[in-house]
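A short write-up of the structure that comes next.
Letters A, B, ... mirror the listed sequences (proteins, then strands); counts begin at 1. The model shown is predicted, which means the values in this text are computed figures rather than measured ones.
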Amino acid sequence: MEQTNLPLRRRGLPRGSLVFGGFLKAVKSHWQLYLLIAPVLVYFIVFQYLPMYGVQIAFKDFIGSRGIWGSPWVDWKHFERFFESFFFERLLWNTISISFYELAVGFPIPILLALLVNEVRSNRFKRFVQTVTYAPHFLSTVVLVGMIIIFLSPATGFVNKFITLFGGEPIYFMTEPGWFKSIYIFSGVWQQMGWSSIIYLAALTGIDPHLHEAARVDGASRLRRIWHINLPGIRPTIMILLILNIGSLMSVGFEKVYLLQNSLNREVSDVFSTYVYRSGILGSQYSFSAAVGLFNSIVNFILLLTVNRIVRKLNQASLW
Amino acid sequence: MRIRNVSLFDVVNGVILVLVCAVVVYPLIFVLSASISNPSAVLSGNMWLWPVDITFYGYERVFSNSDILTGYTNTMIYTTVGTAVNVVMTVMAAYPLSLPSFKGRNVIMAAIVFTMFFSGGLIPTYMVVRDLGLTNTMWALILPNAVSVYNILVMRTYYQSSIPGEILEAAAIDGSSDFRTLTKIVLPLSGPILAVMVLFYAVGHWNAYFSALIYLTDRELYPLQLFMREILIQGQMEEMVNAADSSHNQTLLNEEAVKYAIIVVANLPILLLYPLLQKYFVKGVMIGAIKG
């Protein structure tokens, strides 16, 4: 912990001046540290906090020649326009339904995988499973989506070859809106399940072997030990990741959705991030798109705070 | 571990995991095999696992394509410069923030971590980058992502847990300046974590396309991933396939060969580094997990 200047405080100096004086002294004796971190601070000010300042254009009609500061205030005009627009409900529904689907499928699978891998007794086989399942994590989104499109092609993809082999009709996966979410979720599972299981595997190695020893003496089966020892053992990890996941329910990442998107599936694939990109960057409606983005960020932030508070009340692990 | 009595549980568990591996690895093997197979065999479904009628036509087309060479060169430059900036910035942030003697670190930490949970959003960020005149330069891909908060946290945790405070104190008593302590003591002790950082950031740059999509309009500056997007997803292959000998069918075949080859070529560095990547990436995730 940090050193406090206790003797000085006892002399009855006002606290404020003492803190400030101590700070100046620290800067003087450790100026090199402040010099080191200065470029980092500049980065955060310019590329993180300046945009937060610039987000005020969401409440203005941005006019390029007058700049952010000089553009006229319009209060909630852009928000109102967005909430009343046809897109609002659609984006909200798509974003939330994709997130929940992903949470329901993509969240438990890595936990399950970690529990299974943890039970493997041969170290070589364990390493083999890990090497294989981690590999897709390193593919880029462009390559992943490229592979999806090739494999799911109605005429030439192997998935449809397989379906027709068993007498089925080829499915137009990419243009049939009904398939979009499943493709999005299950390709994510394919790519990330191994990688996401690492953190649970790490937590599993931290479980006291004596617990297993004792349970074995009491005649508990492997399944029962997984259920009563391993699962509770990694519960804090699960809870933290669950908080993070729920906290981002309203943010579906841009990269993969955008690449999977086409004009035929847009009614189910359009989410906040792709809409902001389309209307803002492509359509140059800066103020309106900034408002949409800000709405999204704020809802996310509130969600995260709320979930964290609830979990802390339930006396589990929490983020802070 | 001794494997004496293989129980039913072990068998079922083994079977499940083998199936999982098969599902994960099949598309990867398919792409590798298809990239060196006769495209007509791939299209007709005759090639389903191992290469059929081996040809390197796809690779020839890929390596003779000027777009792909431009993209490859650009991506290598962006990855090298970007990773260098990232790693230097991460150390410059994590080292002071790991020291108890660094007054004000809690305020700075809070300000940095806050950006993980809240941001101005795409449009205001875009406007800052544009107003700084960075659009259509490589700096638009590097400066707005100059450092990752998560990696600062990982690095800081590493410093706090793996470099004994006594060493740093002893150095300070011997009159070593903070700079000297960093270069002579801390950096030599942080080899493994630096490797983790280099790999984390490098893979990120290699695979990134979003910044390039929004900040670059000049095709000469496109990274590989944007050209790949055109080829794999938008199907803009006109100039790639030789239009001279083409009945439509032939064109289709050529396109197919190029697609698989480009996937392999684009992932070549990652494929070659995979053993390294796996080792250090897992280590990085573990250190991150301690912090939670």
**Report entry** Segment of A/Tyr286 engaging chain B (4.5 angstrom heavy-atom cut-off)
**Finding:** both
Report task. Decide yes or no for A/Glu255 and B/Tyr209: does some side-chain heavy atom of the first lie under 4.5 Å from some side-chain heavy atom of the second? Result -> yes
Query raised in the report: In terms of heavy-atom proximity below 4.5 Å to chain A, should B/Asp178 be classed as side chain, backbone, both, or neither?
Result: both
Requested in this report: Go through the atoms of B/Leu143 and report whether side chain, backbone, both or neither lie under 4.5 Å from a heavy atom of chain A.
Outcome: both
Report task. Could you note down all residue pairs passing side-chain hydrogen bond (donor to acceptor under 3.5 Å, both in side chains) where residues 35-50 of chain A supplies at least one of them, sequence neighbours left out? Result -> A/Tyr43-A/Gln48
Query raised in the report: So how far is it from B/Met228 CE to A/Thr141 OG1, rounded to the nearest 0.5 Å?
Result: 10.5 Å
Query raised in the report: What part of A/Phe138 gets closer than 4.5 Å to chain B, counting heavy atoms only: side chain, backbone, both or neither?
Result: both
Query raised in the report: Checking heavy atoms, do the side chain of B/Leu199, its backbone, both or neither come under 4.5 Å from chain A?
Result: neither
Query raised in the report: Looking at B/Val25, B/Val147, B/Val203, which has the largest count of heavy-atom pairs under 4.5 Å with chain A?
Result: B/Val147
**Report entry** Top contributor to chain A contacts, counting heavy-atom pairs under 4.5 Å, from B/Phe118, B/Phe30, B/Phe114, B/Phe179
**Finding:** B/Phe179
Query raised in the report: Tell me, side chain or backbone of A/Met174 under 4.5 Å from chain B's heavy atoms, or both, or neither?
Result: neither
Query raised in the report: Looking at B/Ala34, B/Gly14, B/Pro96, B/Gly121, which one has more heavy-atom pairs under 4.5 Å with chain A than the rest?
Result: B/Pro96
**Report entry** Minimum side-chain heavy-atom gap B/Ile233-A/Val142 below 4.5 Å
**Finding:** yes
Query raised in the report: A/Leu35 versus chain B, heavy atoms under 4.5 Å apart: side chain, backbone, both or neither?
Result: side chain
Query - Segment of A/Ile226 engaging chain B (4.5 angstrom heavy-atom cut-off) - result: side chain
Requested in this report: Please step through side chain to side chain contact (heavy atoms under 4.5 Å, CB included) for the pair A/Phe62 and B/Met127, ending with a clear verdict.
Outcome: CA-CA 11 Å; A/Phe62 180 70; B/Met127 292 173 71; 3.2 Å; yes
**Report entry** Heavy-atom pair count under 4.5 Å with chain A, highest-scoring of B/Val91, B/Leu182, B/Val24, B/Ile270
**Finding:** B/Val24
